[in-house]
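These notes are about the structure you will find just below.
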Amino acid sequence: MSLPQPDQLIANMAKALMPLTQQDNVVMIGIHTGGAWVAKQLHEQLGLNSALGLLDISFYRDDFSQNGLHPKVKGSELPDIENKTIILVDDVIMSGRTIRAAMNELFDYGRPEKIVLACLLDVGHRELPIQADVIGEKIERPRNQRIKLSGPTPLTLTTVNLEK
Amino acid sequence: MQPMDPSQIQLNKEGRLKHFLTTEGLSKEILSEIIDTANSFISTQERSVKTVPLLRGKTVVNLFFENSTRTRSTFELAAKRLSANILNLDIARSATSKGETLMDTLWNLESMYSDMFVVRHADSGAAHFIAQHVTPNVAVINAGDGRHAHPTQAMLDMLTIHREKSGFEHLSVAIVGDILHSRVARSQIYALKTLGCNDVRVIGPNTLIPKDIESLGVRAFNNMKDGLKGVDVVIMLRLQKERMQTALLPSESEYYRLYGLNTEKLAYANHDAIVMHPGPINRGVEIESAVADGPQSVILKQVSNGIPMRMAVMAMAMSGQNQEQALQDQNQEGAQ
């Protein structure tokens with residue numbers, strides 16, 4: 001099964017997000033690393049004036065006890081988010097755990113007015129009650145398959161089969 | 001006691017840190033990872049909410065058999081900012097003074113489900129001994145042992161140098177003072193050499209410089225003018241007053257005249273050289289106030305960097321220790 005072109009999906013996402021960007025308190029934040037690449041392109045296409053934020057959720061993961069600290073923690077770089085409408089961007093949403101960690105971290109930086117979630121792909125298999133507001137495309141995949149975004153230029157999607 | 005290879009004790013089977021005992025024998029990759037991780041914790045320290053949930057539910061015990069206000073309090077803050085529970089044990093007033101042995105104290109604490117011990121002890125090798133023989137399943141962080149090592153101090157100094165001078169390869173670094181008795185100097189030298197610093201110098205009177213120091217790849221100098229020429233980083237060490245009584249030094253004023261860092265001597269170094277000191281500083285004994293409080297001093301930045309650095313080694317050691325436990329559990333299940 002062939003995978004879609006990320007550029008086309010991002011263009012669609014930008015269109016869907018456009019009405020939101022009419023407000024002046026919008027801040028876009030990408031989740032490291034794939035989400036940050038998607039966010040960078042969305043940020044350009046939407047012509048947002050506010051600085052693009054980067055969120056590295058390594059310090060907020062719920063699997064720290066099992067998997068430990070990621071060896072290359074980048075650290076988050078966030079603009080002021082107090083009372084802002086945040087467009088939170090990730091590449092692939094699956095269990096929802098990354099988004100939970102991301103929201104926990106965001107609230108340690110301030111109290112946003114609203115968070116909107118935009119994801120390039122939704123592959124199902126949710127483990128938490130978290131849904132994206134804007135999705136590039138919804139793709140059904142077996143549980144042992146992951147879809148990986150490579151980048152930053154060009155952005156390409158590939159299928160990775162997990163063992164077992 | 002068997003001679004121990006410290007780099008082996010502090011790594012788990014996957015080669016990740018599970019205790020942090022010494023900078024000696026650790027790879028450049030691990031030391032760089034520690035600096036990178038500490039660097040990313042700095043951003044969390046500038047937020048209004050300074051805590052991250054990484055060690056939520058873990059119990060850290062501060063075991064200070066030797067006094068230290070700054071080191072103990074930065075470890076305490078670091079643990080709290082990782083959301084761990086911390087217990088400060090006043091050893092002098094605790095069970096050891098009632099005759100309980102050190103090992104019994106530690107086994108009791110282990111039985112209280114402690115996850116990490118932060119140990120300072122006057123005896124060299126104390127933290128290694130605990131990690132290897134007493135409580136190997138508790139992550140042990142060495143907060144200073146005798147004359148041997150003070151790895152978190154050395155690494156917060158590396159973080160400070162990295163941030164101020166961006167890198168190590170091109171730098172000349174001079175460590176000044178009582179090298180012989182300094183666990184800080186020893187840990188700094190190992191870290192600097194491993195991180196690729198080619199020009200490490202020690203400066204002090206012959207009586208305070210170990211005879212075999214050059215085998216570590218450093219150059220020894222007996223006067224400040226030669227030693228400080230062209231250096232980018234000057235690290236001053238505290239002169240411990242008790243050394244005066246052991247005839248290793250003529251007098252305090254003589255020492256200050258020869259090795260005390262004042263504006264005049266600092267001028268031998270590069271004009272943008274930074275001045276460091278692990279504290280506590282003795283003004284007028286090893287450093288002049290004009291230098292300690294001057295524009296080239298980064299002494300208070302070192303103190304600030306102590307918190308993210310300690311957060312980094314605590315998080316990494318806890319992570320490596322968890323990984324080791326998980327592997328052990330798997331093996332046990334496999335054996336059954």
Side-chain angles (χ1 to χ4, degrees), chain A residues 27 29-33 35-36 39 51-84 86 88 95-113 115 128 130 162-164, chain B residues 11-18 20 27 29-58 78 81-84 115-116 139 159 163 308 311-327 329-330:
Chain A
V27 168
I29 293 169
I31 299 176
H32 180 69
T33 48
L52 176 64
L54 172 74
L55 199 62
D56 183 328
I57 57 141
S58 301
F59 298 147
Y60 288 78
R61 297 184 65 95
D62 62 3
D63 56 1
F64 172 75
S65 288
Q66 295 98 320
N67 295 345
L69 197 59
H70 192 277
K72 283 272 169 282
V73 180
K74 208 163 180 312
S76 299
E77 293 160 31
L78 291 190
D80 180 22
I81 62 162
E82 194 69 28
N83 295 324
K84 295 284 169 31
I86 292 175
L88 183 61
S95 65
R97 288 176 193 271
T98 300
I99 306 304
R100 185 206 69 99
M103 288 198 289
N104 280 9
E105 175 159 8
L106 284 176
F107 278 84
D108 282 350
Y109 280 86
R111 184 180 183 278
E113 185 184 87
I115 301 178
L128 296 174
I130 290 174
L162 299 186
E163 285 174 27
K164 275 201 275 192
Chain B
L11 299 179
N12 71 15
K13 291 186 183 72
E14 303 281 316
R16 322 262 314 145
L17 215 57
K18 65 168 177 176
F20 188 50
S27 67
E29 287 65 39
I30 291 213
L31 294 187
S32 303
E33 187 186 331
I34 294 174
I35 293 174
D36 291 345
T37 308
N39 244 325
S40 35
F41 276 121
I42 288 181
S43 63
T44 68
Q45 294 311 290
E46 290 158 353
R47 314 186 306 205
S48 56
V49 177
K50 297 180 176 62
T51 50
V52 297
L54 219 45
L55 296 193
R56 199 163 68 89
K58 301 288 182 192
R81 287 177 187 176
L82 289 167
S83 308
D115 298 291
M116 179 177 285
L159 175 64
R163 288 177 69 82
M311 290 171 80
V313 296
M314 288 170 126
M316 286 174 66
M318 199 68 251
S319 153
Q321 187 67 244
N322 285 341
Q323 192 180 33
E324 178 108 323
Q325 307 289 314
L327 286 172
D329 292 349
Q330 273 174 20

Would you be so kind as to tabulate the donor-acceptor pairs closer than 3.5 Å made by side chains of residues 102-112 of chain A, with sequence neighbours excluded?
from: A:E105; atom 1: OE2; to: A:S76; atom 2: OG; distance (Å): 2.8
from: A:D108; atom 1: OD2; to: A:Y60; atom 2: OH; distance (Å): 2.7

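Atom CE of B:M314 and atom CG of B:L55 lie 7.5 Å apart (nearest 0.5 Å).
Residue B:T51 touches chain A through its backbone alone, counting heavy-atom pairs closer than 4.5 Å.
Contact count against chain A (heavy-atom pairs under 4.5 Å) is highest for B:L54 among B:N39, B:L54, B:V49, B:L82. Taking chain A as the reference chain and counting heavy-atom pairs below 4.5 Å, the highest number among B:G57, B:S43, B:P53 is found for B:P53.
Partner of B:N12 under the side-chain hydrogen bond (donor to acceptor under 3.5 Å, both in side chains) criterion, out of B:Q325, B:Q323, B:E324: B:Q323 alone.
Across B:P308 and B:A38, no two heavy atoms sit closer than the pair CB-O, 3.5 Å.
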